[in-house]
Amino acid sequence: MNIIPINASLKYDVMIESGLLARSGELIRKVVKKGRAAVITDSTVDALYAETVMASLADAGCDPMKYVFPAGEASKNIMTLSGILEHLAEHRLTRADFIVALGGGVTGDMAGFAASCYLRGIPFVQLPTTFLAAVDSSVGGKTAVDLHAGKNLCGAFHQPSLVLCDTKTLDTLIPEIFADGAAEALKAGILRDESLFAKMEQGSYKADIDSVIGRCVEIKAQLVEEDERDTGARQLLNLGHTMGHAAEKISDFSLTHGHAVAMGMAAITRAAEKLGVCEPCYERVCAALTANDLPTRCPYSAEELANAALSDKKRSGGRINLVLPKKIGECFLYPVDVTEVERIFALGLEE
Ligand SMILES: NC(=O)c1ccc[n+]([C@@H]2O[C@H](COP(=O)([O-])OP(=O)(O)OC[C@H]3O[C@@H](n4cnc5c(N)ncnc54)[C@H](O)[C@@H]3O)[C@@H](O)[C@H]2O)c1
Ligand SMILES: [Zn+2]
């Protein structure tokens, strides 16, 4: 098994191996020594994996209960959160009990947020079942729901007590959802590791998915350990996200997160080249995105995107930190005045 320790304000392990869900109860019990488990999952993952997890938790004496919400980003809101919290209260969960987030990034973000605020905070465990959740969202303790005004606008920092990544669950992902994870994994490569990026350029990495996930988790862990509260280095993880979140919002979330981030990464790389701060790598980034079934062209105008981006939380005062690549494997924060964002987006979108 690949085990990666995370040294955040709470220290925990990310365990990566095929077949872990069947052992989840026993592994969770070693870390969360007492209490009942409240499993939170979505309708799709419920049908595929909840039975295995519930049985394993029951065997380990965790007396599990379950809350299921409709799959999809449209559920990541305060109404669903409220349903989860009422469910926990109806079952009289106490601070001795804990939440198990079984699913993708939507489940992890929302169940994690419920754990952060129910009774002012109870422990939770992440069981990521999408490639995106495995390489990115299950680690680092950012939890949230979306508001009408934008994505992830209501949330908390709350680290999980354990992350169990059963790589066998990735076998049931449809290609489009698998590709979303590839976008975040390519992001990790562009940020910190040229050899990870090179591996991702070739479809053959899928045979070695455990090590790709492990490397992405290590990269994320470094940034989270350096800056858990997202005031500096952690912001690098937003590569492609300022435009990506804006595109998601304009599309009314018909664009998935990873696809939107892919468009954002291509555009910001092109903009960085034109600004003269980046080695020529736009073509290579686009080729890698295409090889991973991801888009490279954003269908929206720079004006639309800037307007949508600037109502986002990443605006702080009159300045915004964009993340620009210097080369594959190295990126930097590039603070700009909010009035410049549209021009920089336009540089990235021009033919
Ligand atoms: N907290 C963070 O640090 C962080 C980082 C990146 C992304 N995110 C968030 O993560 C979310 C996106 O995550 P996601 O792409 O995992 O979305 P998701 O949780 O909606 O999962 C995508 C779809 O895949 C289905 N699914 C999940 N596991 C499956 C499996 N094993 N087999 C078949 N189908 C399965 C789900 O039911 C859903 O329909 C966004 O809301 C984004 O903002 C958070
Ligand atoms: Zn992301």
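We count ligands from 1, going down the list as the structure has it; atoms in each ligand are counted the same way. Along the sequence shown, residues are numbered consecutively beginning with 1.
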At what distance is the nearest protein heavy atom to atom 43 (O) of ligand 1, and which residue and atom is it?
Lys151 NZ, 2.9 Å
If we only count N/O pairs under 3.5 Å, is Asp42 in contact with ligand 1?
yes
Quick note on ligand 1: atoms under 4.0 Å from a heavy atom of Thr169 include exactly 30 (C), 31 (N)
Suppose we measure from atom 24 (O) of ligand 1 to each protein heavy atom; which comes out shortest, and what is that distance?
Ile177 CG2, 3.7 Å
Should Arg29 and Glu26 count as an ion pair when the cut-off is N to O under 4.0 Å?
no
List the atom of Ala247, the atom of Ala260, and the distance in Å for their closest heavy-atom pair.
CB-CB, 4.4 Å
Does ligand 1 have a heavy atom under 4.0 Å from the side chain of Thr172, from its backbone, from both, or from neither?
both
Starting from atom 29 (C) of ligand 1, what is the nearest protein heavy atom, named by residue and atom, and what distance separates them?
Leu173 CD2, 3.4 Å
Please report the closest heavy-atom contact between Cys331 and Leu239, naming both atoms and the distance.
SG-CD2, 4.1 Å
With a 4.0 Å cut-off on N to O distance, would you call Arg192 and Glu218 a salt bridge?
no
Establish, from distance only, whether the side-chain atoms of Thr231 and Asp227 form a donor-acceptor pair under 3.5 Å.
yes
Quick check: Asp180 and ligand 1, any N/O pair under 3.5 Å apart?
no
Residue portion contacting ligand 1 (non-hydrogen atoms closer than 4.0 Å) for Leu237:
neither
On a heavy-atom basis, which atom in Arg234 and which in Gly141 lie closest, and how many Å separate them?
NH2-N, 4.4 Å
Looking only at N/O atoms, are Gly105 and ligand 1 under 3.5 Å apart anywhere?
yes
Does Arg234, backbone or side chain, put an N or O under 3.5 Å from an N or O of ligand 1?
no
Got an N/O contact under 3.5 Å between Val106 and ligand 1?
yes
Please identify which atoms of ligand 1 are closer than 4.0 Å to at least one heavy atom of Asn152.
43 (O)
Atoms of ligand 1, numbered as shown, that sit under 4.0 Å from any heavy atom of Gly104
16 (O), 19 (O)
Short list, please: which atoms of ligand 1 are under 4.0 Å from a heavy atom of Glu184?
6 (C)
Please tell me if the side chains of Leu93 and Met65 come closer than 4.5 Å, counting only heavy atoms from C-beta onward.
yes
Can you count the protein N, O or S atoms that lie less than 2.8 Å from the Zn ion (ligand 2)?
3
Before signing off on this row, confirm whether Glu73 and ligand 1 have an N or O atom pair separated by under 3.5 Å.
yes
In terms of atom number and element, which parts of ligand 1 are under 4.0 angstrom from non-hydrogen atoms of Lys220?
3 (O)
Please name the pair of heavy atoms, one in Tyr118 and one in Ala89, separated by the smallest distance, quoted to 0.1 Å.
OH-CA, 3.5 Å
Could you pull out the closest heavy-atom pair between Phe124 and His158, with the gap in Å?
CE2-O, 3.3 Å
Have Asp193 and Ser195 got a donor and an acceptor in their side chains that come within less than 3.5 Å?
yes
Cationic N near anionic O, under 4.0 Å, Lys187 to Glu184
yes
Could you tell me, atom by atom, which parts of ligand 1 come under 4.0 Å of a heavy atom of Asp109?
1 (N), 2 (C), 8 (N), 9 (C), 44 (C)
Return the residue, atom name and 0.1 Å-rounded distance of the protein heavy atom closest to atom 21 (O) of ligand 1.
Thr130 CG2, 3.6 Å
Can you check side-chain hydrogen bond (donor to acceptor under 3.5 Å, both in side chains) on Ser56 and Asp59, steps first, answer last?
CA-CA 5 Å; Ser56 179; Asp59 285 350; over 6 Å; no
For residues Asn307 and Tyr300, is any side-chain donor paired with an opposing acceptor at under 3.5 Å?
no
Which protein heavy atom lies closest to atom 4 (C) of ligand 1, and at what distance to 0.1 Å?
Ser137 CB, 3.2 Å
What are the atoms of ligand 1, with element, lying closer than 4.0 Å to any heavy atom of Ala71?
37 (O), 39 (O)
More than 12 foreign heavy atoms under 6.0 Å from NZ of Lys34: is that the case here?
no
Give the residue and atom name of whichever protein heavy atom lies nearest to atom 12 (C) of ligand 1, and the separation in Å to one decimal.
Leu132 CD2, 3.8 Å
What's the shortest distance from atom 26 (N) of ligand 1 to any protein heavy atom, and which residue and atom give it?
Val45 CG2, 3.9 Å
Close approach, Tyr49 and ligand 1, non-hydrogen under 4.0 angstrom:
yes
Apply salt bridge (charged side-chain N to carboxylate O under 4.0 Å, His left out) to residues Glu201 and Arg284 and explain how you reach the verdict.
CA-CA 9 Å; Glu201 280 175 319; Arg284 194 174 167 202; 2.6 Å; yes
Ligand 1-proximal atoms of Leu48, by part, heavy-atom distance under 4.0 Å:
side chain
Could an N or O of ligand 1 be found under 3.5 Å from any N or O of Thr129, whether backbone or side chain?
yes
Would you check if there is a donor-acceptor pair between the side chains of Thr41 and Tyr49 at a distance under 3.5 Å?
no
Tell me whether the NZ or CZ atom of Lys326 lies within the 45° cone about the ring axis of Phe332 and under 6.0 Å from its centre.
yes
Say you draw a straight line from CG of Asp46 to CD of Glu51; how long is it, rounded to the nearest 0.5 Å?
9.5 Å
Where Gln126 and Ser137 come nearest, the two heavy atoms and their spacing:
NE2-O, 4.0 Å
Where ligand 1 meets Lys76 - atom numbers and elements under 4.0 angstrom, heavy-atom basis
9 (C), 40 (C), 41 (O), 42 (C), 43 (O)
